[in-house]
Amino acid sequence: MGAAATTFAALATACSAGAPPSAPTSPASEPEAQVAAGAAGWEPAPVVPLLSQPPASLVVDAPLPDQLAMGLVVIRYRAENLRIVPVYGPAALDVSPRIGHIHVTVDDAPWHWADGSGDPLIIQGLPPGPHKVLVQLADPTHKVIDSKTVDLVITAQGGHH
């Protein structure tokens, strides 16, 4: 019965993580299995605490020119080795896998906004001309981990979207 339960648990974990059927079924809680899974391009299942985590980083795409021509800025981004969620405060620093959010500053404004949705940034109403969007990856206490700057040019004032 113990072997059947272990097989079922491994199968349930693989299915919940969206793993392909050919996924290895070795336990992911062992550090060696975590390293091997990462080397194979798989992320560890988010059901066990990670003993160590690679550094978090931010990837930001350039906005598409067609939207800029309509006066609309759409910026896709993603975090690597960190989940974007709207959870804040010092207690959230102990969550594994690591969580955080982004800060967004437009044109060196003295203020920014925080976003924990993970959805693309949508900015409208900027006047025609050059602009700069600073996207910062932050931990739950708002400490900046990584940042990227997107330089863009609005070529026309668009209508409402």
### Message
Can you tell me how far apart CZ (Arg78) and CZ (Arg83) are? Round to the nearest 0.5 Å.
### Response
14.0 Å
### Query
Is there a side-chain contact between Leu137 and Ile84 (heavy atoms, below 4.5 Å)?
yes
### Query
What pair of heavy atoms forms the shortest contact from Arg98 to Pro55, and how long is it?
NH1-C, 3.8 Å
### Query
If we only count heavy atoms from C-beta on, is the Val74 to Leu64 side-chain gap below 4.5 Å?
no
### Query
Step by step, would you call Leu72 with Ile122 a side-chain contact (heavy atoms from CB on, under 4.5 Å)?
CA-CA 7 Å; Leu72 180 65; Ile122 300 173; 3.7 Å; yes
### Query
What is the distance from atom OG1 of Thr149 to atom CD of Gln136, rounded to the nearest 0.5 Å?
8.5 Å
### Task
Report whether Val104 and Ile75 are members of the same hydrophobic cluster (ILVMFWY, side-chain heavy atoms less than 4.5 Å apart, transitive linking).
yes
### Message
So, using side chain to side chain donor-acceptor pair (under 3.5 Å) as the criterion, who are the partners of Ser117 when residues are at least two apart?
### Response
Asp115
### Query
Which heavy atom of Gly116 sits nearest a heavy atom of Pro86, and at what distance?
O-CD, 3.2 Å
### Query
With sequence neighbours left out, which residue pairs that include part of residues 135-146 fulfil the salt bridge (charged side-chain N to carboxylate O under 4.0 Å, His left out) condition?
Asp146-Lys148
### Heavy-atom pair of closest approach, residues Pro140 and Leu93
CD-CD2, 3.7 Å
### Task
Enumerate the residue pairs fulfilling ring pair (Phe, Tyr, Trp, His ring centres under 6.0 Å) with a member in residues 110-139, sequence neighbours excluded, ordered by first and then second residue.
His103-His112
### Query
Are any of the side-chain heavy atoms of Leu121 and Val73 separated by less than 4.5 Å?
no
### Residue pair Asp119 / Tyr77: nearest heavy atoms and the distance that separates them
O-CE2, 3.1 Å
### Query
Given a cutoff of under 4.5 Å between side-chain heavy atoms of I, L, V, M, F, W and Y, with clusters grown through shared members, what are the other residues clustered with Val95?
Val85, Val87, Ile99
### Message
Taking Ile102 as the starting point, is it possible to reach Val106 by hopping between hydrophobic residues whose side chains are less than 4.5 Å apart?
### Response
yes
### Task
Could you state whether Ile123 and Leu134 fall into the same hydrophobic cluster, counting links through intermediate Ile, Leu, Val, Met, Phe, Trp or Tyr residues with side-chain heavy atoms under 4.5 angstrom apart?
no
#### Entry: Which residues share a side chain to side chain donor-acceptor pair (under 3.5 Å) with Tyr88, sequence neighbours left out
none
### Task
Search all heavy atoms of Leu82 against all heavy atoms of Gly100 and return the closest pair with its distance.
CD2-N, 3.6 Å
### Under the salt bridge (charged side-chain N to carboxylate O under 4.0 Å, His left out) test, residues paired with Asp107 that sit two or more places apart
none
### Heavy-atom closest contact (Ile145 atom, Ala138 atom, distance)
CD1-C, 4.0 Å
